[in-house]
Student: 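Handing you this structure, nothing more for now.
Below, chain A is the first sequence line, B the second, and so on; all start at residue 1. The structure displayed is predicted, hence computed values, not measured ones.
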Amino acid sequence: MKRTFTCIVCPNGCEIETEYEGTEVLSVTGNLCPKGRTYVTQELVDPRRTIATSVRVLNGTMPLTSVRLTSPVPKARIFDVMDEINRQTLTAPVRIGDVVIRNILGLNSDVIVTKNIDKA
Amino acid sequence: MMKKQAVIVGGGPAGLAAALRLREKGITDILILEREHLLGGILRQCIHDGFGLTRFGESLSGPEYAQRFINRVLEEGIECITDCTVLDITGDKVITAASRKQGLLQIQADAVLLTMGCRERTRGALATPGTRPAGIYTAGVAQNYINLQNIMVGHEVVILGSGDIGMIMARRMTLEGAHVKGVYEVQSYPSGLPRNIEQCLNDYGIPLHLSHTVVDIRGRERLTSVVVAQCDEHFRPIPGTEEEIPCDTLILSVGLIPENELSLAAGVELDARTRGAFVDENCQTSVPGIFAAGNVLHVHDLVDFVSLEAEALADSAAEYLLEGSLPECRLTVKAGNNVGHVIPQRISGIRPFTLSLRVRQPLSNVSIVVRQGEKEILRKKMRKALPAEMIQLPVRADKLNDSEDMEVFVE
Ligand code: SF4
């Protein structure tokens with residue numbers, strides 16, 4: 001089978017023409033680097049994404065901090081991950097790299113703070 | 001009047017990178033003026049990841065990318081005044097600013113670095129007919145409300161324009177539980193990056209309608225619907241194709257414009273193509289000692305390149321401050337066939353520089369050709385060239401002469 005993938009690994013956004021059988025990649029063309037092939041292989045087996053969102057902060061100079069995942073999670077679990085993150089509330093101060101949830105939903109990805117918020 | 005060697009107007013990614021490079025080059029008397037309460041500029045609200053891939057080899061969020069520069073600026077003890085709005089810059093480099101803490105400031109600078117970034121085009125610029133209800137936001141304003149202020153802007157959302165921030169907000173609002181009904185783009189090709197179409201729209205089943213625009217806005221207090229229609233190649237709505245879409249929110253992602261009110265006040269000449277300053281290979285504007293880089297000069301796709309450009313600016317500004325002048329740049333660089341704009345627009349012909357450009361329309365299997373007089377300086381083959389992607393080409397000095405103008409075109 002044939003399909004064109006847009007690699008999202010870097011801003012080049014290569015369009016990768018792929019021939020595949022089931023989850024086996026037969027050939028790829030159009031990728032500027034080997035990561036493109038890895039991306040396509042992963043897309044066929046188990047597409048994964050990272051997400052970024054925000055978490056409420058109490059007693060801070062701003063009402064929110066931002067957070068992201070340290071590694072991608074299965075695409076189908078994104079909204080479960082959002083629900084879990086939305087249950088969190090932090091108290092200022094928070095610092096970049098603080099772990100909000102370790103190994104979220106057992107998916108081998110941590111939720112970390114990406115913005116410093118000082119105490120009000 | 002306060003005196004400073006270098007005053008940097010804007011503490012976003014360009015201003016921060018420029019300050020640090022100036023310091024490295026031995027300039028000690030630096031002042032950053034920032035309008036907001038905190039440094040970091042627009043990156044503070046860009047919480048998605050993908051920043052820093054080129055510079056740091058990892059995918060950071062906007063605030064993390066900014067913080068790496070802010071930490072170094074603080075470590076270096078570079079002076080910053082935040083909550084400080086610059087009101088005027090003269091051609092003699094006198095800056096007037098209003099500071100929340102220090103009142104009205106007047107500063108004589110030896111060099112002024114313009115790093116104010118850009119602003120969004122608004123509904124007014126589009127002249128879309130209809131009522132004026134609540135619920136219409138530019139993408140960046142919606143991003144500010146949602147990511148900084150914890151205010152959700154709406155539930156049933158239509159997005160006009162396929163700029164990157166609009167697509168990023170489509171995903172963001174979907175994650176926050178909104179229903180994004182579609183993205184409508186008047187052009188026949190998307191204006192944002194392919195990876196954002198993939199990871200922000202396709203991943204969430206959000207349709208992208210090319211050659212479509214909003215022709216009517218309805219609602220009294222709050223937006224109740226928009227009418228969309230298909231457009232012909234001259235962007236004119238085609239009668240009979242109208243469709244009414246109920247929604248409470250319309251997000252506009254219809255372009256960014258370099259923020260140049262202050263540049264104009266200083267007498268800096270602007271390029272109608274970029275809407276930013278005419279600059280030479282040193283990022284120097286038409287006013288000696290006033291420099292510009294980053295989104296205030298031309299709108300970038302990636303912050304990594306904003307930082308690089310600002311550092312190149314700082315190299316030149318440091319030379320200007322230490323040597324008293326820079327090589328004269330008498331040769332013009334012209335945007336030829338299918339090239340939307342070029343930066344820089346003037347060169348000396350004796351030094352290497354980085355040429356930045358955008359093509360006018362999506363093209364495949366083309367070459368970007370740089371020519372000086374009859375001589376070909378550079379030729380780069382491209383499998384695809386998109387207006388959404390800025391092209392940057394290093395130009396070596398040994399190929400140049402100092403007497404002929406340059407042209408850049410697509411073949
Ligand atoms: S294939 Fe390589 S260069 Fe192309 S988008 Fe993917 S990671 Fe980037």
Student: Checking B/Thr174 against chain A: side chain, backbone, both or neither under 4.5 Å from a heavy atom?
Tutor: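 For B/Thr174, the contact with chain A is made by backbone and side chain together.
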Student: At a 4.5 Å cut-off on heavy atoms, which part of B/Arg171 comes close to chain A: side chain, backbone, both, or neither?
Tutor: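 B/Arg171 has no heavy atom closer than 4.5 Å to chain A.
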Student: Find the distance between CD1 (A/Ile96) and CZ (B/Arg68) and round it off to the nearest 0.5 Å.
Tutor: 8.5 Å
Student: Could you look at B/Ile146 and say if it's the side chain, the backbone, both or neither that has a heavy atom under 4.5 Å from chain A?
Tutor: backbone
Student: Does the side chain to side chain contact (heavy atoms under 4.5 Å, CB included) test come out yes or no for A/Lys115 and B/Leu148, once each step is laid out?
Tutor: CA-CA 11 Å; A/Lys115 188 190 288 172; B/Leu148 294 183; 3.1 Å; yes
Student: Using a 6.0 Å cut-off, check whether atom CZ of B/Arg100 has over 12 heavy atoms from anything other than its own residue.
Tutor: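 Incorrect, the count does not exceed 12.
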Student: Given a strict heavy-atom distance threshold of 4.5 Å, which part of B/Tyr204 is in contact with chain A: side chain, backbone, both, or neither?
Tutor: side chain
Student: With sequence neighbours left out, which residue pairs that include part of residues 5-18 of chain A fulfil the side chain to side chain donor-acceptor pair (under 3.5 Å) condition?
Tutor: A/Thr4-A/Glu17
Student: Heavy-atom count check: over 12 atoms from other residues, nucleotides or ligands less than 6.0 Å from B/Tyr145 OH?
Tutor: no
Student: Kindly compute the distance separating CG (B/Asp49) from CD1 (A/Ile51), expressed to the nearest 0.5 Å.
Tutor: 10.0 Å
Student: Answer yes or no: are there more than 12 heavy-atom neighbours, outside A/Lys75 itself, under 6.0 Å from its atom NZ?
Tutor: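 More than 12 heavy atoms, drawn from other residues, nucleotides or ligands, come within 6.0 Å of this atom.
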Student: For atom CZ of B/Arg35, decide whether the heavy atoms of other residues, nucleotides or ligands shown that lie under 6.0 angstrom number more than 12.
Tutor: no
Student: For residues 82-92 of chain A, run the donor-acceptor check on the side chains, cut-off 3.5 Å, and write out each pair with its distance to 0.1 Å, sequence neighbours left out.
Tutor:
{"residue": "A/Glu84", "atom": "OE1", "partner": "A/Arg87", "partner atom": "NH2", "Å": "3.0"}
{"residue": "A/Asn86", "atom": "ND2", "partner": "A/Met82", "partner atom": "O", "Å": "3.3"}

Student: Kindly indicate, with the supporting measurements, whether the criterion side chain to side chain contact (heavy atoms under 4.5 Å, CB included) is fulfilled by A/Thr114 and B/Gln67.
Tutor: CA-CA 9 Å; A/Thr114 60; B/Gln67 195 64 44; over 6 Å; no
Student: In Å and rounded to the nearest 0.5 Å, what is the OG to CD1 distance from B/Ser61 to A/Ile112?
Tutor: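 It is 7.5 Å, given to the nearest 0.5 Å.
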Student: Using non-hydrogen atoms and a 4.5 Å limit, figure out which bit of B/Asp203 sits close to chain A: side chain, backbone, both or neither.
Tutor: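 Both parts, backbone and side chain.
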Student: What part of A/Ile78 is in contact with chain B, defined as an atom under 4.5 angstrom from a non-hydrogen atom: side chain, backbone, both or neither?
Tutor: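 Answer is side chain: those atoms of A/Ile78 sit under 4.5 Å from chain B.
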Student: Is B/Leu53 in contact with chain A via its backbone, its side chain, both, or neither, using a 4.5 Å heavy-atom distance?
Tutor: side chain
Student: As a quick check of understanding, evaluate side-chain hydrogen bond (donor to acceptor under 3.5 Å, both in side chains) for B/Gln45 and A/Ser66, giving each step before the final call.
Tutor: CA-CA 9 Å; B/Gln45 67 186 55; A/Ser66 48; over 6 Å; no
Student: Is it true that a side-chain atom of B/Arg195 and a backbone atom of A/Cys10 form a donor plus acceptor pair closer than 3.5 Å?
Tutor: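 Indeed, once roles are kept as given, a pair shorter than 3.5 Å links the two residues.
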Student: Check step by step if side chain to side chain contact (heavy atoms under 4.5 Å, CB included) holds for B/Arg172 and A/Ser54.
Tutor: CA-CA 10 Å; B/Arg172 184 76 189 104; A/Ser54 50; 3.0 Å; yes
Student: Are the side chains of B/Asn150 and A/Met62 in touch, meaning some heavy atoms are under 4.5 Å apart?
Tutor: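 Not in contact.
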Student: Distance from B/Glu64 atom CD to A/Asn116 atom CG, nearest 0.5 Å?
Tutor: 9.5 Å
Student: Please look at B/Glu389 and chain A and tell me whether the side chain, the backbone, both or neither of the residue comes under 4.5 angstrom of a heavy atom of that chain.
Tutor: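 Side chain of B/Glu389 only, per the 4.5 Å heavy-atom cut-off to chain A.
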